[in-house]
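Everything below concerns the one structure shown next.
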Amino acid sequence: AEAASLVDGSEDVGVFAFTEGTGRGCRILGLGVSMGGKTFYVTEPEAMDAVASTLSGRPISGHDAKETELALRSLGGGKRDWAFSTFLAAYLLGAGSRDPRLEDLAREFLAMELVSTEQLLGTGRAARKPSAVGENEAAEFAARRAEAILNLRPRLEAEMRNLGVDYLFHEIELPLAGVLADMESEGVAIDVSYLKEMQEELAGQLAAIETEVEEVAGQKFNLNAPQQLAKVLFEDLRLPVGKRTKTGYSTDADTLEALREKHPIIGLILEHRQLSKLKSTYVDALPQLVDPMSGRVHTSFGQASTATGRLASSNPNLMNIPIRTELGQRIRRAFKAGRPDHVMVSADYAQIELRIAAHLSGDPMLLDAFKAGQDIHTATAAAVFKVPIEQVDPSQRRLAKIANFGSIYGQGEYGLSQQLGITGDVAREFLGQYWSTYSKLREFLDDLRRKAREEGLVVSATGRRRAIPDLRSPNFQLRSAAERMAINFPMQSLAADIIKIAMVRLQREIEADQIEGRMLLQVHDELLFEVPRAELDQFAEKVPRIMTGAYELETGIEVEMKVGPNWADMKKLAVVRA
DNA sequence: ATTTGCCGCCAC
DNA sequence: AAACGTGGCGGCAAAT
Ligand SMILES: Nc1nc2c(ncn2[C@H]2C[C@H](O)[C@@H](COP(=O)(O)OP(=O)(O)OP(=O)(O)O)O2)c(=O)[nH]1
Ligand SMILES: [Mn+2]
Ligand SMILES: [Mn+2]
């Protein structure tokens, strides 16, 4: 009660949660709170609860809003609105800076030296856990941070208005933080016993391949060690050397594929590569990341982890769950509707960055194609592989997708020929045709490049910024790389904002409707939901309506809706256009 | 025994 | 001649 009385009043409140661990699993050790002239630090559970519940009604300011929100939610007391986040403001202002640190902001904008987290906890042998930090030291640490947050707010707000990122901040990033906290808390169900079975199966297959390789090679070595593998292949077996890496001979999949006919060991190695990659990264790792409390896996979404405004996902990364191969699909099948009588619903934007490229460039050929309802990826596949549109298979469309984006974003003849397994001549022919067909797109990208070079910076349609210093580098290689980043930015970045807008609106509507279905994951241009069967119709209407309505593109926007018992076996529900 | 750089590869 | 972009992560080998 006494602690709660400390936060009465209506001014802005700066909050810093001192925690052990991160995200929803963190343990909150203390709470630094700053408001008006006073700053305090509480550690008693009752006092923290009291402060948290007093704060739950009012907008507060913090550094990483999503992380602080999760810490406060762990105390109970429900959700709250956020007034400000120094982390998100700095991300937008820093034009692509990643995971901005409070101590850097305090130094730059307040000329204030904060004790860094590294200084507080030490490194290497001297490292200690947050819980091992003395209470006085922790209090000082958290209180200073809460103060810094409060004092940074007006400075960063002014700066955001100057640079025109205030719309992004207030309408997208700040409300999105709460949405991401919700999604992380929901988690997603995986079938652990199914994955454990697969673990056994793969272990057996890998062992069998290893035995065979030993026979064929006449020696035992670690197949997972590229260095050892290179020695066996290129020295002992004297296979022709292909690509080189910084440190020796390359043994990547393309290099090996070219040697497939030269020696029976190659096929075995490629098979081993695929199995061991999928086993170690997914089959072994995912069951270990199931939260025993919820029985689900909870990713962490990085809200300031990319240069373009995309989200990132880690611990585990659920944005790179396999889909391409048979085995990959079996892994994806483990992601299932975990609640009784629920189904998975997915919604993916169709050809999203191509639409954006058409919209931004005004290219008449692309615009007309979209207006006619064409699928450009499929059309490209038909052209490249010389098959009728109806006979394009998923793997061909996938390659054509890479060819389309590769071409737009600066891929050369050589790269394209490698990607598609075609000759350099055919690749040159393709690119020539591509750029003469989409000549206005080419002009747009040329202009973009020119302008980027002049300004050292690119700005998206929503005002998102990316600084690329190497645009002015005298080094041709660095400058060229910078130009390709600049050319990619407007499309990737607007796509990221469109789905973010949709997520904020969707979560508001789901909450307002008081329905049970939940948004679980975002995968760049896809949203995954877990929905009671009884709400399927409702979601099949709501989700594409909001996703297609999030932004106006001249091409229109299409969303492909799917439903199924798991993330692999989904059947098409509808394609919705707006 | 933990960090770091590198290689290689999964996804969008 | 090369020169699609955005990420995260596992394993190895060399660094303390
Ligand atoms: N530069 C680049 N961008 C990619 C690549 N793959 C995917 N993207 C970007 C552009 C895509 O529009 C966006 C979403 O990926 P999707 O796999 O959903 O493809 P897209 O929406 O284009 O086609 P779709 O109709 O959904 O199959 O991610 C790639 O290989 N290179
Ligand atoms: Mn898509
Ligand atoms: Mn997608």
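Atoms considered below: every heavy atom in the structure, side chains included; atoms not considered: hydrogens, waters and symmetry mates. It should be emphasised that the depicted structure is a prediction, and the values quoted were computed from it without experimental measurement. Per chain, numbering begins at 1; letters A, B, ... match sequence-line order.
- When the P atom is compared between dA3(C) and dG8(B), the two are found 15 Å apart, to the nearest whole Å.
- Across all strands shown, Tyr414(A) has heavy atoms under 4.0 Å from sugar-phosphate atoms exclusively, and none from any base.
- Residue Ser276(A) is classed as having no contact, given no heavy-atom separation below 4.0 Å to the nucleic acid.
- For Val523(A), the listed nucleotide lying nearest its side chain is dC12(B); candidates were dC12(B), dC7(B), dA11(B).
- Ion pair Arg330(A)/Glu197(A) not flagged as a salt bridge, since none of the NZ, NE, NH1 or NH2 atoms sits closer than 4.0 Å to an Asp/Glu carboxylate oxygen.
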Secondary structure of DNA chain B per the Watson-Crick/G-U criterion (both distances under 3.5 Å; [ ] crossing, | other strand, . unpaired) is ..||||||||||
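- A straight line from CZ of Arg244(A) to P of dG8(B) spans 13 Å, rounded to a whole angstrom.
- Within 6.0 Å of the CD atom in Glu118(A), the count of heavy atoms belonging to other residues, nucleotides or ligands does not exceed 12.
- In this structure, Leu416(A) reaches neither bases nor backbone, as no heavy-atom distance under 4.0 Å exists between it and the strands shown.
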Nucleotide by nucleotide, nucleotides 7-12 of chain C touches protein heavy atoms under 4.0 Å in the pattern (B base, S sugar-phosphate only, - none) BBSSSS
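- At most 12 heavy atoms of other shown residues, nucleotides or ligands fall within 6.0 angstrom of atom NZ in Lys262(A).
- Put simply, CZ on Arg464(A) is 13 Å from C1' on dT6(C), counting in whole angstrom units.
- OP1 or OP2 of dC10(B) has at least one side-chain nitrogen or oxygen of Arg324(A) nearer than 4.0 Å.
- If you measure from atom NZ of Lys246(A) to atom C1' of dG8(B), you get 14 Å, rounded to the nearest angstrom.
- Listed nucleotides dT6(C), dA3(C), dA11(B) differ in distance to Asn488(A); the shortest reach to its side chain belongs to dT6(C).
- Within 3.5 Å, a donor on the side chain of Arg310(A) pairs with an acceptor on the base of dC12(B), or the reverse.
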Show me the side-chain donor-acceptor pairs of residues 219-230 of chain A shorter than 3.5 Å, one per line, residues at least two apart or across chains.
{"unit_1": "Gln219(A)", "atom_1": "NE2", "unit_2": "Asp236(A)", "atom_2": "OD2", "d": "2.7"}
{"unit_1": "Asn222(A)", "atom_1": "OD1", "unit_2": "Asn224(A)", "atom_2": "N", "d": "2.8"}
{"unit_1": "Gln228(A)", "atom_1": "OE1", "unit_2": "Asn222(A)", "atom_2": "N", "d": "2.9"}

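- More than 12 heavy atoms of other shown residues, nucleotides or ligands fall within 6.0 angstrom of atom CD in Gln199(A).
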The test is side chain to side chain donor-acceptor pair (under 3.5 Å); show your working for Ser493(A) and Arg465(A) and say whether it passes. CA-CA 9 Å; Ser493(A) 162; Arg465(A) 306 154 68 81; over 6 Å; no
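- Aromatic rings from Phe430(A) and Tyr434(A) are positioned such that their centres are separated by under 6.0 Å.
- Contact annotation for Ala496(A): no contact, since no heavy-atom pair falls under 4.0 Å across all strands.
- Side-chain N/O atoms of Thr251(A) include one lying less than 4.0 angstrom from OP1 or OP2 on dG8(B).
- Lys401(A) places its NZ atom 15 Å from the C1' atom of dG5(C), with the value rounded to the nearest Å.
- In this model, the phosphate group of dC7(B) is approached by a side-chain N or O of Thr247(A) to a distance below 4.0 Å at OP1 or OP2.
- Phe476(A) has its CZ atom 13 Å from the P atom of dA1(C), to the nearest Å.
- Counting to the nearest Å, the P atom of dA2(C) and the CD atom of Gln419(A) are 14 Å from each other.
- Ranked by how close their nearest DNA chain C nucleotide is to the 5' end, Ser480(A) and Met485(A) are led by Ser480(A).
- Taking 4.0 Å as the cut-off between side-chain N and carboxylate O, Arg518(A) and Glu186(A) count as a salt-bridged pair.
- The CG-C1' distance, from Leu318(A) to dC12(B), rounds to 14 Å in whole Å.
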Please assess His377(A) against Gln351(A) for the test side chain to side chain donor-acceptor pair (under 3.5 Å), listing each intermediate value before the final yes or no. CA-CA 8 Å; His377(A) 295 326; Gln351(A) 312 170 72; 5.1 Å; no
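- If you measure from atom CD1 of Ile356(A) to atom C1' of dC12(B), you get 13 Å, rounded to the nearest angstrom.
- Phe405(A) and Tyr409(A) have parallel rings, their planes meeting at less than 30° on a 0 to 90° scale where 60° marks the start of perpendicular.
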